[in-house]
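Worksheet: the structure to be examined is printed underneath.
Everything quoted here is computed from the prediction, not taken from an experiment. Per chain, numbering begins at 1; letters A, B, ... match sequence-line order.
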Amino acid sequence: MSVRVRMAPSPTGFLHIGGVRTFLFNWLFARGRGGECLLRIENTDTSREVAESVAQIERSLRWLGIDWDGETTFQLDRMGRAQEEARRLVAEGKAYEDEGAIRIRMPDEGVVGWEDAIKGRIEFPAAELEDLVLVRSDGRPTYNFASPLEDWLDGITHVIRGDDHVSNTPKQLVVLRALGAEPPVYAHVPNVFGGDGKKLSKRHGAVSVDEFRAAGYVPEALMNFLALLGWAPDGETTIMSREELIERFSLERVGSSPATFDYAKLDWMNGVYLRSFPPEEYADRLVAYLREQGYDWPEERIRAAAPLVQEKITRLGEFPAFAGFLFGDVEPDPSLLDSRILREAERALERVEPWRADAIEQALKALCDELGEKPRSVYPSIRVAVTGSRVSPGLYESLELLGRETALSRIRAAASVAA
RNA sequence: GCCCCCAUCGACUAGCGGCCCAGGUCACGGCCCUUUCAAGGCCGUAGCGCGGGUUCGAAUCCCGCUGGGGGCACCA
């Protein structure tokens, strides 16, 4: 039997990272088995749905590298079919009308249960189930009717969704049974928390895919990190390519307890990916990122700066603050400047030929010897004068890139304002 | 209130009765390297929620408790 799953976001604004993790599990599961992965928008409620948010959802998924088969479908499009099926159930005596709405009869004894692919056997006492509204009095189907109905019509074999749907499952199982449908395999993945044991939300940090993108995370890292939230191939492996993720993913190894989103670990992992890119690719990504964020800095200069920061920043978003001195003026803090050292540095640097990092290094080292000081006591002043900060990329490379003229004029200017 | 789910270092997890006085990764601490910051190397702190069982033997199985989460709509 070939596998078919579906990702079913509700079109309420942005794409939440917790939901993305669930979609990722669907996607990895399907792709790992040569199956299909559908994208279905769950909008039985017309008032809330917005075309724009659907477009945003699609854009976010694509950016992450999650694709889907066929056209995006809308739950609402099958309203007619839902009404038809509901009427059929009434005719068969399995449902009944109630003040203009149609309700299904729930069994009133025994249990309704299933073998959850992640949580194992789950059962609900039938007495807990109330006769569910299938179709509202205004004719629109409810979620708990439309969703299983569509799963059936679409031939969904595995419903992999959030934990919060566990209590909907018995209802949907009854609906499916009444419809005469073979129920799919259900797999309920635990929630994602933010540090305090509460559902991940804005107060914990970034939550939408767009925010992570804007902060300079790369999709490979985000995907790798998300995959490991609640799933592990073994106890050792942490860095895995998209292909490896697909190959190794399995529902059996998804844990049943909720996971906490650890931003620090994501940062670390993003750094691992950033450092692993070949220099040209790193530069490509950096340029694309800065363009996306609206920086109009010259591309050649960004490319030249890329190697200076690749080992040092963990998110592309750190680039402007870290290497911005290469693209605009600086305002060094006078109290961090030493005019004597700066004048000596100016003198030493004037004669450097050619203006390259290695020659600059020689000159500066020689200066240190001359002054009888350690680099650590003479460099800070120069660094601050030239980069505007005590933290920066390598000093020699920074000076080279900046050019002799700019470098010297910054040093001169700094010397004159030094405290 | 009722129903359902969950429970290993601060975090993600490995562990599916003996190989575990519990392993890996992040974070944290120390040392080394070092022009700052990173990166890298080495070392370290830290955990099976509690109480009963079952068993020769339990982190692993069972029961209870406690704690956390989710759900009880003509929302999705």
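- Taking the centre and axis of the six-membered ring of A/Phe74, the NZ or CZ atom of A/Arg40 falls outside the cone set by 45° and 6.0 Å.
- Contacts of A/Asp138 with the nucleic acid, taken as non-hydrogen atoms under 4.0 Å apart, are absent.
- If you measure from atom CG of A/Asn168 to atom C1' of B/rC4, you get 12 Å, rounded to the nearest angstrom.
- Closest heavy-atom contact between A/Ser381 and A/Ile341: CB-CG2, 4.2 Å.
- Between A/Phe322 and A/Asn144, the residue anchored closer to the 5' end of RNA chain B is A/Phe322, taking for each the nucleotide with the nearest heavy atom.
- Donor-acceptor pairing under 3.5 Å, judged by distance alone, is absent between the side chain of A/Lys119 and the base of B/rC5.
- Remark: A/Glu247 CD to A/Ser241 OG distance equals 8.5 Å, nearest 0.5 Å.
- The interatomic distance linking A/Met269 (CE) with B/rA27 (P) rounds to 11 Å, in whole Å.
- Taking 3.5 Å as the limit, the base of B/rC74 and the side chain of A/Thr142 contain no donor-acceptor pair of atoms between them.
- Atom CG in A/Leu173 sits roughly 20 Å away from atom P in B/rC3 (whole-Å rounding).
- Atom name P, nucleotides B/rA11 and B/rG69: the rounded distance is 15 Å, in whole Å.
- For A/Asp333 and A/Ser335, the side-chain atoms include at least one donor-acceptor pair closer than 3.5 Å.
- Side-chain contact annotation: A/Asp163 with A/His188, donor-acceptor N/O pair under 3.5 Å absent.
- Residues A/Asp116 and A/Trp114 bring a donor and an acceptor atom of their side chains to less than 3.5 Å of each other.
- Nucleotide B/rA73 holds its C1' atom 14 Å from the CD atom of A/Glu99, rounded to whole Å.
- Environment of CD in A/Glu353: crowded, with over 12 heavy atoms of neighbouring residues, nucleotides or ligands closer than 6.0 Å.
- Separating the C1' atom of B/rG47 from that of B/rG10 is a span of 10 Å, rounded to the nearest Å.
- For the segment residues 22-29 of chain A, the set of residues with a heavy atom within less than 4.0 Å of an atom of RNA chain B is empty.
- Mapping A/Glu128 and A/Val272 onto RNA chain B by nearest heavy atom places A/Glu128 closer to the 5' end of the strand.
- To the nearest whole angstrom, the two C1' atoms, one in B/rC12 and one in B/rA46, are 15 Å apart.
- When only modelled atom types and interatomic distance are considered, A/Asn168 and A/Tyr143 share no side-chain donor-acceptor pair under 3.5 Å.
- Between A/Arg383 and A/Ser392, the side chains place a donor N or O and an acceptor N or O closer than 3.5 Å (distance only, hydrogens not considered).
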All N/O pairs under 3.5 Å across the protein-nucleotides 33-35 of chain B interface:
| residue | atom | partner | partner atom | Å |
| --- | --- | --- | --- | --- |
| B/rU35 | O2' | A/Arg383 | NH2 | 3.2 |
| B/rU35 | O2 | A/Arg383 | NH2 | 2.4 |

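- Rounded to whole Å, the distance from OH on A/Tyr96 to P on B/rC74 is 11 Å.
- Between B/rA59 and B/rA22, the distance separating the two P atoms is 11 Å to the nearest Å.
- Counted by atom type alone, A/His204 and A/Asp196 present one or more donor-acceptor pairs between their side chains at under 3.5 Å.
- For the atom pair CG (A/Leu222) and OH (A/Tyr273), the distance works out to 10.5 Å, reported to the nearest 0.5 Å.
- Taking all atoms of both residues into account, the shortest heavy-atom contact from A/Gly18 to A/Val192 is CA-CG2, 4.4 Å.
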Summarise how protein sits on nucleotides 9-14 of chain B as a single string, 5' to 3': B when a protein heavy atom is under 4.0 Å from the base, S for sugar-phosphate-only contact, - for no contact.
--SBSS
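- B/rA27 and B/rG41 have their P atoms separated by 13 Å, with the value rounded to a whole Å.
- A gap of 8 Å separates the C1' atoms of B/rU66 and B/rG49, to the nearest Å.
- Taking atom CD of A/Glu109 as the reference point, atom P of B/rC3 lies 18 Å away to the nearest angstrom.
- Separation of the C1' atoms belonging to B/rG15 and B/rG23 is 9 Å when rounded to the nearest angstrom.
- Atom-to-atom, CD1 of A/Ile122 to C1' of B/rC6 comes out at 11 Å; the value is rounded to the nearest Å.
- Using modelled atom types, one side-chain atom of A/Glu211 and one backbone atom of A/Val207 make a donor-acceptor pair closer than 3.5 Å.
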